[in-house]
Every structure is written in structure tokens, then in C-alpha cells.
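Working notes, beginning with the structure itself.
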Amino acid sequence: MVGDGLWSFVVIAGPIILALALLYAILRNRRSRGEEARTEQATHDLYRETSAEDRAHTP
């Protein structure tokens, strides 16, 4: 029957397609070490600026 063939395709190909989509997303979302270091440095700088501003405004 046509329904059985379609269901077999969904059961077999569905997890494969899902795994490939997840792998693609993980690989596309990776950052290089340089990008990661820049992000970390910018975060530390922002925290330092915020702390300095808080100290300046504290009576």
C-alpha cells in the first residue's frame, strides 16, 4: 500500500534528515578561537566600564 511505503520512508529517512540538519546547524554555528577571544574581551571590557560607572554614581 502507498501509506505503508510513505510511513516506512518517514521512519527511516526522518531521523537521518534530522541528524543532518542538526549537524549542519552545529557546524555553521561554530566560532573560531579569535572570535571567541574577541567576544570574551569585549564582555570583560563592558563589565569593567559598567563597574566604573556604578562606582562614579554611588554617593
Side-chain angles (χ1 to χ4, degrees):
M1 293 192 179
V2 175
D4 291 338
L6 180 61
W7 185 248
S8 296
F9 175 76
V10 169
V11 168
I12 294 170
I16 294 170
I17 293 170
L18 179 61
L20 290 174
L22 288 172
L23 182 64
Y24 174 78
I26 290 168
L27 291 176
R28 294 270 303 159
N29 201 26
R30 286 186 143 180
R31 293 185 186 173
S32 70
R33 290 177 194 242
E35 288 174 322
E36 191 72 32
R38 267 195 310 267
T39 301
E40 289 295 322
Q41 186 60 47
T43 302
H44 289 294
D45 293 345
L46 182 61
Y47 285 160
R48 199 174 309 118
E49 271 181 39
T50 304
S51 292
E53 288 174 4
D54 288 344
R55 284 192 300 269
H57 295 306
T58 303

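Counting begins at 1 with the first residue of the sequence.
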When the side chains of residues 32-40 are checked against the rest of the protein, which donor-acceptor pairs come out under 3.5 Å, sequence neighbours left out?
from	atom 1	to	atom 2	distance (Å)
Ser32	OG	Glu35	N	3.3
Glu35	OE1	Ser32	N	3.0
Thr39	OG1	Glu35	O	2.9

Got a sec, which residues hit salt bridge (Lys or Arg N to Asp or Glu O under 4.0 Å) with Arg48, two or more places apart in sequence or on another chain? Asp45
Please report, to 0.1 Å, the donor-acceptor pairs under 3.5 Å made by any side chain of residues 16-28, with sequence neighbours excluded.
from	atom 1	to	atom 2	distance (Å)
Tyr24	OH	Arg28	NE	3.4

Say you draw a straight line from OG1 of Thr43 to CD of Gln41; how long is it, rounded to the nearest 0.5 Å? 9.0 Å
